Amino acid sequence: MKISDIKCYPAWVGHRNLCLVKVETDEGVYGWGESGLSSRELAVAGAVKHFREFLIGKDARHIGSLWQEMYRSQYFEGGRVLTAAISAIDIALWDIAGKALGVPVHQLLGGQQRTEIPLFVTSTKAFGEEFLADCKRLADAGYQVIRATTGEHGSPVKPTTFDVRKSIALASGCLTELRQELGHDKVLGIDYHHRLTVAEAASFCQKMPVGTLDFIEEPIRDQTPSAYAALRSMTDVPFAIGEEFASKWDFAPYLESGLNQFARIDVCNVGGLTEAMKVAAMAETHYIDVMPHDPLGPVCTAATIQMCAAIPNLSWCEVAPYDTDKSDHDRFFINRPIETKGVYRVSQAPGLGVDVNEDLLAEQSFKFWEAPRLYKPDGSYTNW
Ligand SMILES: O=C(O)[C@@H](O)[C@H](O)[C@H](O)CO
Ligand SMILES: [Mg+2]
């Protein structure tokens with residue numbers, strides 16, 4: 001079964017750009033994948049073009065070997081852009097493999113270990129009464145795992161001031177109150193979106209009673225494991241790290257030094273299902289659960305579900321939090337995964353179990369979009 005074409009669709013779908021990739025074969029079986037390098041999709045599309053050049057004519061079933069060739073064929077190995085492209089192609093190849101054999105992808109990954117994927121939900125409300133009410137609503141609705149954000153999302157068009165000290169004061173106060181209200185049978189975490197320094201992250205954690213937070217996601221930026229080691233010496237809150245990591249090599253120093261308590265694998269950035277399964281196994285050797293990152297579209301979610309079904313060490317998968325109106329997804333995607341009562345059902349359909357309305361997708365154009373820009377009160381730049 002030979003690869004006959006690879007098409008990349010960086011396109012605005014409903015509420016954001018998605019970067020979807022279709023791999024076709026000479027036997028008519030095709031697969032879909034998705035790439036996760038949000039806001040730089042055209043760079044990924046360029047990388048897909050390069051890979052297409054040498055992938056056409058290759059056996060679509062040799063997934064592991066094609067992964068090695070994509071990752072290592074350029075002198076400048078790996079990196080986030082190239083690996084985001086590899087991820088989408090790899091996921092599409094798994095979709096093809098499942099469809100060709102008539103089995104769901106999880107069966108090829110070792111078989112399902114669970115029938116439902118437990119999820120965490122995110123309250124995106126700004127800290128204060130609204131946030132507390134929203135979390136109470138989520139808890140009452142039965143959600144077991146609730147994650148807060150920084151409470152300040154900024155605007156893609158208007159520069160936003162992010163005052164770290166105000167954020168720390170508000171967040172620590174609100175989360176302390178929320179924990180008292182929720183009791184201890186709910187899991188509570190926060191994604192600080194790598195906005196803090198080591199000192200600020202320590203200060204934030206120290207403002208809350210021990211046991212308030214079950215995890216803190218990316219309090220600081222993630223290119224320096226020793227910075228996390230420094231932070232670890234100042235707080236005991238478990239760290240959830242890795243949504244931006246683009247290989248098992250990025251995860252390795254964190255896992256090997258015990259710095260990462262939840263592995264935030266993103267199948268669309270880490271190198272597809274091939275690489276995600278390896279990272280999950282590396283995490284397993286350290287008794288660490290995978291908490292997948294899943295902020296994109298239905299193809300990403302479908303692939304993530306297949307991984308979640310097949311690994312032993314899963315905590316909770318993310319429900320894409322930022323865009324609640326998914327009505328357009330019903331037009332673009334067939335059999336897209338739908339969250340019900342805090343879980344995703346594991347699809348038993350061949351492949352990933354999701355299909356794409358390609359004709360409709362082909363009509364969509366790409367819209368340039370920039371992530372919000374945040375500035376400190378003194379006017380200097382800080383991460384979104
Ligand atoms: O954990 C998350 O879902 C966030 O870090 C998002 O990936 C980020 O805001 C980009 O959408
Ligand atoms: Mg995050």
Side-chain angles (χ1 to χ4, degrees), residues 10 12-19 34-41 44 80 83-84 87 117 119-126 138 143 145-156 160 162 167 171 187-196 201 204 213-223 228 237-246 250-251 254 260-270 276 289-301 303-305 308 315-326 329 339 344 367 369-374 382-384:
W12 193 264
V13 174
H15 54 279
R16 60 166 297 159
N17 287 313
L18 296 179
C19 189
E34 185 167 357
S35 181
L37 197 75
S38 297
S39 86
R40 298 293 179 259
E41 291 85 359
V44 174
R80 284 178 180 169
T83 310
S87 300
I117 308 303
L119 305 174
F120 74 80
V121 285
T122 305
S123 172
T124 57
K125 302 287 181 209
L138 292 167
Y143 289 106
V145 190
I146 299 172
R147 183 185 70 160
T149 62
T150 59
E152 170 58 81
H153 305 300
S155 152
T160 306
F162 182 68
S167 170
V187 178
L188 189 56
I190 180 171
D191 181 357
Y192 236 114
H193 236 226
H194 40 60
R195 286 193 195 166
L196 307 177
F204 167 65
L213 285 181
D214 297 299
F215 66 87
I216 180 168
E217 177 180 341
E218 290 169 347
I220 60 175
R221 285 149 66 199
D222 64 11
Q223 285 176 292
Y228 266 99
V237 179
F239 296 141
I241 310 170
E243 67 182 37
E244 296 171 272
F245 289 172
D250 286 349
F251 272 98
Y254 285 88
N260 194 348
Q261 282 69 54
F262 293 99
R264 295 280 284 136
I265 297 174
D266 182 325
V267 296
C268 297
N269 279 324
V270 80
D289 280 349
V290 174
M291 191 200 292
H293 182 232
D294 177 31
L296 303 167
V299 175
C300 169
T301 301
T304 305
I305 289 171
C308 288
S315 55
W316 322 280
C317 177
E318 172 169 349
V319 185
Y322 294 100
D323 310 287
T324 44
D325 179 11
K326 304 265 190 321
H329 283 174
E339 178 257 319
Y344 282 126
K367 287 191 202 169
W369 177 89
E370 287 296 312
R373 297 290 194 267
L374 299 187
T382 192
N383 282 61
W384 171 51

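Ligands are counted one by one from 1 in listed order, and the atoms in each one are counted from 1 as well. Everything numeric in this text was worked out from a predicted model, so none of it was measured.
A donor-acceptor pair under 3.5 Å is formed between the side chain of Asn17 and the backbone N or O of Lys367. In this structure a side-chain-to-backbone donor-acceptor pair under 3.5 Å is missing from Glu339 to Val319.
The environment of CZ in Arg80 is crowded: more than 12 heavy-atom neighbours from other residues, nucleotides or ligands sit within 6.0 Å. Within a 6.0 Å sphere centred on CD of Glu370, other residues, nucleotides and ligands contribute more than 12 heavy atoms.
With hydrogens left out, the protein atom closest to atom 3 (O) of ligand 1 is Glu318 OE2, 2.5 Å, a heavy atom. Nearest to atom 4 (C) of ligand 1 among the protein's heavy atoms is Asp191 OD2, 3.5 Å.
Ring geometry, Phe245 versus Tyr254: the interplanar angle falls from 30° to 60°, so the pair is classed tilted. Between His15 and His329, the angle of the ring planes lies from 30° to 60°, which puts this pair in the tilted group.
The His293 neighbourhood of ligand 1 comprises atoms 1 (O), 2 (C), 3 (O), 4 (C), 6 (C), 7 (O), with distances under 4.0 Å to a heavy atom of that residue.
By the 3.5 Å distance cut-off applied to N or O atoms, His193 is counted among the residues near ligand 1. Taking any N or O of Glu217, backbone or side chain, at least one lies under 3.5 Å from an N or O belonging to ligand 1.
Using a non-hydrogen distance threshold of 4.0 Å, Arg147 registers as a contact of ligand 1.
When you scan the N, O or S atoms of Asp191 for the one nearest the Mg ion (ligand 2), you land on OD2.
Ile190 pairs in a side-chain contact (heavy atoms from CB on, under 4.5 Å) with only one of the listed residues (Thr150, Ile146, Thr122, Leu213), which is Leu213.
Contacts between Glu243 and ligand 1, counted as non-hydrogen atom pairs separated by less than 4.0 Å, involve the side chain only.
Computed with the Mg ion (ligand 2) at the centre, the Glu243 OE1 to Glu217 OE2 angle is 90°, stated to 10 degrees.
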